[in-house]
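Counting starts at 1 for both ligands and their atoms, in listed order.
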Amino acid sequence: MQCLRATLCRRATRRFLAHKLLVRDFTIAIDGPAASGKSSTARALALELGFGYIDSGSIYRCATLLALRHNITDIGTGATDLIELINKSSVDIKFQPSTTRSSPNLITGRLSVPDVRILLNDEDVSEEIRKPGVNRLVAKVASDGEVRTAVLGIQRALAKAAETRSTDVVDKEGVVSVPGGVVMDGRDIGTTIFPNAELKIYLDASAMARAIRRWDEMNSSLKQARAKAPVAAADSAPVANERAPAEYPSVEDIARELEERDYADINRQHSPLRIAKDAVVIDNTTMTFEQQVYSIADLARDRMGLERKHDDL
Ligand SMILES: Nc1ncnc2c1ncn2[C@@H]1O[C@H](COP(=O)(O)OP(=O)(O)OP(=O)(O)O)[C@@H](O)[C@H]1O
Ligand SMILES: Nc1ccn([C@H]2C[C@H](O)[C@@H](COP(=O)(O)O)O2)c(=O)n1
């Protein structure tokens with residue numbers, strides 16, 4: 001009995017180590033237009049596969065926040081002050097697999113979407129970089145070739161840290177540290193940042209589906225804020241799809257803003273949004289969140305030579 005248990009234990013350890021060695025340096029690149037589900041999918045996928053996660057758009061959003069806070073106006077033209085600020089700043093992406101954020105517009109089923117905190121010079125700016133002011137300006141900031149070069153350095157350093165982060169595994173020889181893979185999402189990950197990524201996904205959905213999802217998301221965060229601070233939040237809450245002044249746009253406004261941002265991202269000179277020739281294109285307009293995450297996870301397992309897990313979907 002003792003002997004059987006030891007054999008099973010050794011087999012399990014070997015399987016685990018084999019898996020870890022296979023995922024070594026395995027990179028998944030997820031690109032696509034705004035609000036197509038890249039970051040929520042990437043986070044759930046990283047959790048499912050035990051990978052690290054990097055949200056590259058948040059680095060451009062931090063750069064945009066720096067521009068706004070320092071009243072920099074020569075954006076898109078090699079903004080010298082901004083480049084200097086980016087080079088002096090630190091951006092950290094804290095992927096928190098143990099803290100999940102449920103998104104009420106998702107039928108997540110068995111899936112969790114881990115939370116991510118974005119630190120700019122050690123300040124938590126996770127909420128601030130998603131506000132309308134940043135949304136309006138970020139595509140312009142990201143169109144600047146010199147900004148992109150500055151951001152590239154941050155992206156590669158974060159990817160290296162994520163890839164070399166290790167998991168301690170107890171083997172019969174003692175504790176062994178094994179590195180894991182990484183999921184990165186953005187606009188040029190499969191085409192420019194990681195042209196040799198082992199798996200490239202291009203995620204898309206209709207502009208209206210994306211706008212409705214974003215509107216739902218805004219509404220649900222507002223409901224949460226209202227539950228925490230009823231008076232202040234009630235003052236600014238939108239009613240159904242009725243236009244509330246200033247900060248809260250209608251679905252049509254959001255769709256317009258997404259399309260404008262996509263247009264700028266597709267038509268810029270440096271690293272425009274493109275479908276990498278070896279990318280798998282997934283249109284999730286009518287897919288559930290589970291279908292999209294599990295199908296990508298199984299594609300990754302196929303390429304790592306591991307057993308598929310979700311053929312039932
Ligand atoms: N298949 C799906 N069905 C319904 N909602 C979805 C689906 N996939 C993603 N979503 C929701 O769509 C919204 C946008 O997703 P997400 O923030 O991941 O997009 P994104 O592509 O990373 O956006 P951005 O480029 O603006 O950062 C989120 O509320 C997410 O929960
Ligand atoms: N790799 C990337 C990631 C993002 N951008 C640009 C494009 C978007 O307009 C902006 C914000 O991205 P989001 O947070 O909405 O994913 O940043 C890019 O050019 N390249």
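- Listed by number with element, the atoms of ligand 1 under 4.0 angstrom from any heavy atom of Ser40 are 9 (C), 15 (O), 16 (P), 18 (O), 30 (C).
- Taking every heavy atom of Arg187 and a limit of under 4.0 angstrom, the matching atoms of ligand 1 come to 25 (O).
- Listed by number with element, the atoms of ligand 1 under 4.0 angstrom from any heavy atom of Arg261 are 26 (O).
- The Thr288 neighbourhood of ligand 1 comprises atoms 1 (N), with distances under 4.0 Å to a heavy atom of that residue.
- The main-chain N or O of Ala276 is never found under 3.5 Å from a side-chain atom of Arg274 such that the two would form a donor-acceptor pair.
- Interface of Phe289 with ligand 1, defined as ligand atoms under 4.0 Å from a residue heavy atom, comprises 1 (N), 8 (N).
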>> Pair Val183, Ile54 - check side-chain contact (heavy atoms from CB on, under 4.5 Å), show working.
In response: CA-CA 6 Å; Val183 187; Ile54 296 168; over 6 Å; no

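- The main-chain N or O of Ala142 is found under 3.5 Å from a side-chain atom of Arg148 such that the two form a donor-acceptor pair.
- Considering only residues two or more places apart in sequence or on other chains, Ala35 meets the side chain to side chain contact (heavy atoms under 4.5 Å, CB included) condition with Arg210, Arg214, Leu258.
- When the options Asp278, Asp188, Asp31 are evaluated for a salt bridge (Lys or Arg N to Asp or Glu O under 4.0 Å) with Lys200, the one that passes is Asp278.
- Residues Asp298 and Arg301 are paired through a salt bridge, judged by an N-O separation under 4.0 Å between the basic side chain and the carboxylate.
- Below 4.0 Å from some heavy atom of Met287 lie the following atoms of ligand 1, by number and element: 1 (N), 2 (C), 3 (N).
- With respect to Arg130 and Asp55, a salt bridge is recorded, a charged nitrogen being found less than 4.0 Å from a carboxylate O.
- Within ligand 1, counting atoms from 1 as listed, the ones closer than 4.0 Å to a heavy atom of Ala34 are 25 (O).
- Ionic pairing of Arg61 and Glu127 is not present here: no N-O contact between side-chain nitrogen and carboxylate oxygen is shorter than 4.0 angstrom.
- A donor-acceptor pair is defined here as one N or O able to donate and one able to accept, closer than 3.5 Å; such a pair exists between the side chain of Arg43 and the backbone of Ser39.
- A salt bridge does not link Arg256 to Glu252: none of the charged side-chain nitrogens sits closer than 4.0 Å to a carboxylate oxygen.
- Of the candidates Gln291, Glu290, Glu48, His310 forms a side chain to side chain donor-acceptor pair (under 3.5 Å) with just one, namely Glu48.
- Side chain of Ser126 to main chain of Ile118: a donor-acceptor pair is present (N/O by atom type, distance under 3.5 Å, no hydrogens or angles).
- Under the 4.5 Å side-chain heavy-atom criterion for ILVMFWY residues, no single connected hydrophobic cluster contains both Leu299 and Ile275.
- Closest to atom 19 (O) of ligand 1 by heavy atom, among Ser56, Pro33, Ser39, Gly37, is Gly37.
- At least one heavy atom of Ala35 sits less than 4.0 Å from an atom of ligand 1.
- Residue contacts with ligand 1 leave out Arg210, since none of its heavy atoms falls under 4.0 Å from the ligand.
- Pocket lining of ligand 2, defined as residues with a non-hydrogen atom under 4.0 Å away: Ser56, Gly57, Tyr60, Arg61, Arg130, Val138, Ala139, Ala142, Arg148, Gln155, Gly186, Arg187, Asp188, Ile189, Arg261, Asp265, Arg268.
- Using a non-hydrogen distance threshold of 4.0 Å, Glu290 does not register as a contact of ligand 1.
- The proximity of Gln292 to ligand 1, defined as any non-hydrogen pair under 4.0 Å, is limited to the side chain.
- The heavy atom nearest to atom 17 (O) of ligand 1, considering only Arg214, Met218, Lys38, Arg61, is found in Arg214.
- Counting the atoms of ligand 1 from 1 in the order shown, those under 4.0 Å from a heavy atom of Arg130 are 27 (O).
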